[in-house]
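Computed from a predicted model, the values in this text were never measured in an experiment. In what follows, every heavy atom counts, from backbone to side chain, and hydrogens, waters and symmetry copies are set aside.
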Number of protein chains: 2
Amino acid sequence: MVGRKSLKGDYCPSARSLDVIGDWWSLLIVRDAFDGLTRFGEFQKSLGIAKNILSERLRTLVSRGILELVPAEDGGSRMQYRLTEMGRDLFPVMVALRQFGERHLFEPDERHSQLVERETGLPVRLDVRTQDGRSIGAEDTVILKVPE
Amino acid sequence: MVGRKSLKGDYCPSARSLDVIGDWWSLLIVRDAFDGLTRFGEFQKSLGIAKNILSERLRTLVSRGILELVPAEDGGSRMQYRLTEMGRDLFPVMVALRQFGERHLFEPDERHSQLVERETGLPVRLDVRTQDGRSIGAEDTVILKVPE
DNA sequence: CGGTATCCCTGAAGATACTG
DNA sequence: CAGTATCTTCAGGGATACCG
């Protein structure tokens, strides 16, 4: 994506994810998609990105299966970009980024947008757990490598 | 970081996070740090990155408070890079990326590394919940914007 | 080993004009 | 409105040489 080698063949799932959505604009587009944006113009206005760049990014995201291009609901001939099921699986990534930002990148008195449950207004959190539900930290984990 | 405007002033925590760790190399360095790497040479070998680039990235990560440079444990005069507490708070981000990659970017028969609890060997998972512990999806949430 | 200093090159991003 | 087509710029990144 930049001047770097692809990580398609890497055995590490995180690396592959970075290869697919690891560039700045793509993540911001996905963020906006979670935020309900669907139209080319909406993304452009929100991001202040050049149209050709946006066009290329959207096309890439569609080709990777993160977004899909579907007829707009308003019945017109226009199309809209929507998150696929795969795209929606990026939700935890977005929440994790948000949580980190909230915790470390705002001054105490500084306000920021909040992610809450629609029905109840309760703040949304995210944590790492074992399969049997115990919450754990990085220190408690280890990576099992694939034998080369 | 690339040819783009800074998001320091953005009200969205996700955007700010991307501003701090949103480039490819930084995330891979952080991944390796979680994996236990601490030395310049270890990162270089693992990533195959040019030394000047690695040097600059490490310096940036230190200046942002993600990594810290501490005397090596072996008593020598060497230093080592370690995750700060703030850096360790990126753990959920890494796990989220990993989980997405595992789910969507590997063939069914393809093997990948695994993140497990050290003590028990149990796989590690991550999910989004409300404050009172109910697991929820993106559809159930909404973003409360900060009034401009 | 653990970097710093240069040089160069590529390609990502912006601006702008144009099209259906 | 929703893009495509060009052109240009500029900084990120690789290679290499050098240093304590």
Side-chain angles (χ1 to χ4, degrees), chain A residues 1-7 10 15 18-33 36-64 67-82, chain B residues 1-8 10 15 18-30 32-33 36-64 67-82:
Chain A
M1 198 74 86
V2 205
R4 69 212 186 190
K5 65 169 184 261
S6 168
L7 287 181
D10 205 297
L18 290 176
D19 209 39
V20 172
I21 44 91
D23 83 290
W24 207 73
W25 282 130
S26 299
L27 256 321
L28 287 177
I29 290 171
V30 168
R31 176 202 63 169
D32 278 353
L37 303 199
T38 60
R39 306 287 276 250
F40 188 93
E42 292 176 328
F43 289 110
Q44 209 213 339
K45 184 177 172 199
S46 164
L47 300 171
I49 183 176
K51 295 207 288 182
N52 50 349
I53 307 299
L54 176 58
S55 177
E56 191 270 338
R57 279 297 186 285
L58 287 171
R59 204 179 320 127
T60 301
L61 286 168
V62 168
S63 79
R64 310 237 196 200
L67 295 179
E68 59 188 347
L69 200 47
V70 298
E73 288 145 359
D74 59 21
S77 62
R78 296 295 167 62
M79 303 290 278
Q80 57 180 344
Y81 294 91
R82 276 201 338 212
Chain B
M1 198 74 87
V2 207
R4 69 212 186 193
K5 64 168 183 264
S6 168
L7 288 180
K8 283 267 163 56
D10 205 298
L18 290 176
D19 209 37
V20 172
I21 44 91
D23 83 290
W24 207 73
W25 282 130
S26 299
L27 255 323
L28 287 177
I29 290 171
V30 169
D32 278 353
L37 302 199
T38 61
R39 307 285 277 252
F40 189 94
E42 292 176 328
F43 288 111
Q44 209 213 338
K45 186 177 170 199
S46 165
L47 300 171
I49 184 177
K51 293 207 287 184
N52 50 350
I53 307 300
L54 176 58
S55 177
E56 190 270 337
R57 280 298 186 284
L58 288 170
R59 203 180 320 124
T60 301
L61 286 169
V62 168
S63 80
R64 312 236 191 193
L67 294 179
E68 60 188 346
L69 200 47
V70 298
E73 287 144 359
D74 58 22
S77 63
R78 297 293 168 62
M79 303 290 278
Q80 57 181 345
Y81 294 91
R82 275 199 341 211

Taking only N and O in the side chain of A:R57, is any of them less than 4.0 Å away from OP1 or OP2 of C:dA13?
yes
Check the distance between C:dG3's P and B:K51's NZ and give it to me in whole angstrom.
10 Å
Whole angstroms only, please: what is the CG-C1' distance between B:L47 and C:dG3?
16 Å
Which of A:T38, A:T60, A:L58 passes side chain to side chain contact (heavy atoms under 4.5 Å, CB included) with A:L67? Answer is A:L58
With a cut-off of less than 4.0 Å, is there a side-chain N or O of A:R59 near OP1 or OP2 of D:dT4?
yes
Rounding to an integer number of Å, can you tell me how far A:R39 CZ sits from D:dG3 P?
9 Å
Nearest to the side chain of B:I53 - D:dG14, C:dG3, D:dG3?
D:dG14
Whole-Å distance, A:D23 CG to C:dA13 C1', equals 11 Å
On a heavy-atom basis, the closest approach of B:K51 and B:F40 is O-CZ, 3.6 Å
Distance, rounded to the nearest Å, where A:L58 contributes CG and C:dA13 contributes P:
13 Å
For a quick check of understanding: with a heavy-atom distance under 4.0 Å over all strands, which category does B:F43 fall into, base, sugar-phosphate or nothing?
nothing
Atom CH2 of A:W24 and atom P of D:dA11 are separated, to the nearest Å, by 15 Å
